[in-house]
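In what follows, a single structure is set out as structure tokens and then discussed.
When a residue number appears, it is its place in the shown sequence, counting from 1.
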Amino acid sequence: MNISNYVKKMGISVYSLSKKSSVPYTTLSSICNGSADLMECRAGTLVKISEALNINLLDLIHNNLSAPVKYNFINADVAVDESLLPKAMNTIKELEDYDRNNDTMFYECADMLYMMADRFLKDGAIDRSTYEKLIMKYPIA
């Protein structure tokens, strides 16, 4: 699989890959649409792309990419009214970024979210309904 198909299967845009990799958008766009040859790219550019996608550099160069493994766990069907959450629960934004980027830090962040939710429930800062929605929206089990 080539990089263009890989990026599509990952469900990310060339723009977001550009931001994540620090490779200019125009460069990535040229690579993905086939007007630039990977073999003519600078090594530093290829390293940045492979690191941003968490793939092997040689697989990238040889267009030998396997279908991406996605680890998204957030249940988008559950709505949580963030206005009901204490400001300290801004961890949710990080959690969603980790999940969106298929980063294994999702688990550590989710654990922290659960500990905070337990504490806020005990302290009365959130109600039982909000607590249960958080647990359903961000399952890690």
Check: Could you walk me through whether E96 and K137 pass the side-chain contact (heavy atoms from CB on, under 4.5 Å) check?
Finding: CA-CA 11 Å; E96 291 180 355; K137 183 166 183 77; 3.9 Å; yes
Next item on the list: Test L65 against L53 for side-chain contact (heavy atoms from CB on, under 4.5 Å), laying out the working first.
Entry: CA-CA 11 Å; L65 301 171; L53 292 173; 5.7 Å; no
Item checked: Test side-chain hydrogen bond (donor to acceptor under 3.5 Å, both in side chains) applied to D127 and S129, step by step -> CA-CA 6 Å; D127 61 17; S129 173; 4.7 Å; no
Checklist line | Residues Y6, I55; criterion side-chain contact (heavy atoms from CB on, under 4.5 Å); working and verdict | finding: CA-CA 10 Å; Y6 189 86; I55 57 176; 3.2 Å; yes
Notebook entry, point to check: Can you check side-chain contact (heavy atoms from CB on, under 4.5 Å) on D118 and Y131, steps first, answer last?
Noted result: CA-CA 8 Å; D118 286 340; Y131 174 83; 2.5 Å; yes
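Across all non-hydrogen atoms, the minimal contact from S21 to A52 is CB-CB, 3.5 Å. Considering every non-hydrogen atom in both Y114 and L134, the closest pair reads CE2-O, 4.5 Å. When all heavy atoms of L38 and L60 are compared, the closest pair comes out as CD1-O, 3.2 Å.
Atoms CD1 and CG, on I3 and L17 in that order, are 6.0 Å from each other to the nearest 0.5 Å. Annotation: the span from T130 atom OG1 to I135 atom CD1 amounts to 11.5 Å, rounded to 0.5 Å. Summarising the geometry, atom CG belonging to L28 is positioned 4.5 Å from atom CD1 belonging to I49; distances are rounded to the nearest 0.5 Å. For the atom pair CD1 (I126) and CZ (R119), the distance works out to 12.5 Å, reported to the nearest 0.5 Å. For the atom pair CG of L57 and CD1 of I61, the computed distance is 4.0 Å after rounding to the nearest 0.5 Å. Annotation: the span from M39 atom CE to N63 atom CG amounts to 10.0 Å, rounded to 0.5 Å.
N33 places a side-chain N or O within donor-acceptor distance of the main-chain N or O of S35, the cut-off being under 3.5 Å. N56 contributes a side-chain N or O that, together with a main-chain N or O of D59, makes up a donor-acceptor pair within less than 3.5 Å. Judged by distance alone, the side chain of S50 and the main-chain N or O of L46 form a donor-acceptor pair under 3.5 Å. Proximity of a side-chain donor or acceptor of S30 to a complementary backbone N or O of T26 within less than 3.5 Å is detected.
Hydrophobic cluster membership is shared by I31 and Y15, with clusters built from Ile, Leu, Val, Met, Phe, Trp and Tyr side chains linked at under 4.5 angstrom. When the side chains of ILVMFWY residues are joined at heavy-atom separations under 4.5 Å, either directly or via intervening members, L84 and F120 end up in two distinct hydrophobic clusters.
Between the side chains of S4 and N2, no donor-acceptor pair of N or O atoms lies under 3.5 Å.
Annotation: side chain of M116 is not in contact with side chain of L113 (no heavy-atom distance under 4.5 Å).
Atom NZ of K133 has 12 or fewer neighbouring heavy atoms from other residues, nucleotides or ligands inside a 6.0 Å radius.
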